[in-house]
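Please read these numbers as outputs of a predicted model, since none were measured by experiment. Residue numbering restarts at 1 for every chain, and letters A, B, ... go by the order of the sequence lines.
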Number of protein chains: 2
Amino acid sequence: MDNLKTENTQLTHSIKKIKANGVRITPQREIILEYLITHHIHPSVKTIQAGISSKLPNLSTATIYNTIKMLVDNELVIELPNKDGGIRYDYFGVPHFHAICENCGKITDVFLDEYPQIAEELEKATRDKSGYLITGTKVEISGICPECQKKLHLDK
Amino acid sequence: MDNLKTENTQLTHSIKKIKANGVRITPQREIILEYLITHHIHPSVKTIQAGISSKLPNLSTATIYNTIKMLVDNELVIELPNKDGGIRYDYFGVPHFHAICENCGKITDVFLDEYPQIAEELEKATRDKSGYLITGTKVEISGICPECQKKLHLDK
DNA sequence: AAAACATATTAGAATGGTTCTAAATTAGAA
DNA sequence: TTCTAATTTAGAACCATTCTAATATGTTTT
Ligand SMILES: [Mn+2]
Ligand SMILES: [Mn+2]
Ligand SMILES: [Zn+2]
Ligand SMILES: [Zn+2]
């Protein structure tokens, strides 16, 4: 499995980056970060808590929120707020954008070679037209995922 | 003012579209819709309520939420969930995308002639790679608005 | 190694935006 | 005008997120 090596590398590099910013690594922080690196389901806080409950049975939700805030500040994780009031989280290694199912809420990664150039084009237009100082770009495509198309008899 | 004519036209057409779908028009609904068409600040529910309180002093928040849901179902309004837990709303006449200030929360429209083609390119990639049935696309550029750049002494 | 200090974690309370509920009102059809 | 289904309303309920203050842990200093 080549993914494992990549994910180990990502974990090592992320921890180094965090420490370089003078922030402590704790067992809680490392386990939450590892969960985010190894799970690509764009989990909510509740999903993260359930996913690591065997390793950290007494983990407080406050710690998850605090850790995520730290990871966002360190530009390792992005937030994906949704219409249902919750926020989902994504370890943002390789630039990509998202397809979101309006029926089941699933968030699917879309990797496109041209995406960085497209994002740059949109950012340049924003800079020129609005004068904003740009820090990041987010693209979300709404729709119905293949599984829900079947469920709802929308396929073919 | 040429905007006024456009906005009146948008109001008329929107009401026609709603009625065509068999939905009743009430004073509350018309006033909320008119507010959304004539204000481009991407307001929250609370901002909408404050903005029309002279016309509708007893307007319930439930009615605003219900009306917005109806307008979203009728594809006249889009929702912009944000990281602070709230949702902001946008009458979505001409396709465009948004710049969002991380400091003050302001949402600025960006109109770009090439945007519809770019959105179509991203949607095609999503269809091909993920099999989603696409219903809409959203682009959000994060950054610091010109006013906040001055406040924070980030300008020049 | 021990003490002192700074930082992080925890359980539970507080907050606040959104949704729900049930009674009163109203729009539009007949 | 009468009738009925849809809509509005005030306030309660819900639930994700933030806050609080006590406890625990890590880092640095002696
Ligand atoms: Mn992702
Ligand atoms: Mn807009
Ligand atoms: Zn789905
Ligand atoms: Zn600003």
**Study point:** Trace of the side-chain contact (heavy atoms from CB on, under 4.5 Å) decision for B/Ile134 with B/Thr126
**Key:** CA-CA 8 Å; B/Ile134 314 291; B/Thr126 302; 3.7 Å; yes
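- In the set D/dT18, C/dA8, C/dT19, C/dA8 carries the atom at the smallest distance from any side-chain atom of A/Val23.
- Along DNA chain D, the nucleotide nearest to B/Gly22 and the one nearest to B/Thr61 differ in position, and the one closer to the 5' end is contacted by B/Gly22.
- Taking atom CE of A/Met70 as the reference point, atom P of C/dA8 lies 8 Å away to the nearest angstrom.
- Pairing of D/dT7, defined by two Watson-Crick or G-U wobble distances under 3.5 Å, is identified with C/dA24.
- Distance from the side chain of A/Val45 is smallest for D/dT17 among the nucleotides C/dT18, D/dA5, D/dT17.
- Under the 4.5 Å side-chain contact rule for hydrophobic residues, B/Ile48 and B/Leu11 share a cluster.
- A salt bridge links A/Glu34 with A/Lys55; the closest basic N to acidic carboxylate O contact falls under 4.0 Å.
- Rounded to a whole Å, the CG atom of B/Asn82 is 14 Å from the C1' atom of D/dA16.
- Here the side chain of B/Thr26 is nearest to one of C/dA11, C/dT18, D/dT8, namely D/dT8.
- Between the NZ atom of B/Lys19 and the P atom of C/dA27 there is a distance of 12 Å, rounded to whole Å.
- The separation between A/Ile31 atom CD1 and C/dA8 atom C1' is 15 Å, rounded to whole Å.
- What separates CD1 of A/Ile64 from C1' of D/dC19 is a distance of 17 Å, to the nearest Å.
- Relative ring orientation between B/Phe92 and B/His98 is described as tilted, the plane-to-plane angle lying within the 30° to 60° band.
- Side-chain proximity of B/Arg29 to C/dA8, D/dT8, C/dA11: nearest is D/dT8.
- To the nearest angstrom, P of D/dT8 lies 14 Å from CD of B/Gln49.
- When each of D/dA16, D/dT17, D/dT9 is scored by its nearest atom to the side-chain atoms of A/Ile87, the top-ranked nucleotide is D/dT17.
- Under 4.0 angstrom from either OP1 or OP2 of C/dT26 there lies no side-chain N or O belonging to B/Gln28.
- Looking at heavy-atom distances under 4.0 Å, B/Pro27 makes contact with sugar-phosphate atoms alone, never a base.
- For C/dT26, the OP1/OP2 oxygens have no side-chain nitrogen or oxygen of B/Arg24 closer than 4.0 Å.
- Across all strands, A/Asn58 comes closer than 4.0 Å only to sugar-phosphate atoms, never to a base (heavy-atom distances).
- Rounding to whole angstrom units, CG of residue B/Asp84 and P of D/dT17 are separated by 12 Å.
- Exactly one of B/Ile18, B/Val23, B/Leu71 qualifies for a side chain to side chain contact (heavy atoms under 4.5 Å, CB included) with B/Arg29. That residue is B/Val23.
- Electrostatic pairing of B/Glu120 and B/Arg127 counts as a salt bridge here, judged by a charged N lying under 4.0 Å from a carboxylate O.
- Nucleotide C/dA27 holds its P atom 12 Å from the CD atom of B/Glu30, rounded to whole Å.
- Phosphate contact (OP1/OP2 of D/dT17, side-chain N/O of A/Tyr65, threshold under 4.0 Å): present.
- Take the nearest nucleotide of DNA chain D for A/Gly86 and for B/Thr63: the residue whose nucleotide is more 5' is B/Thr63.
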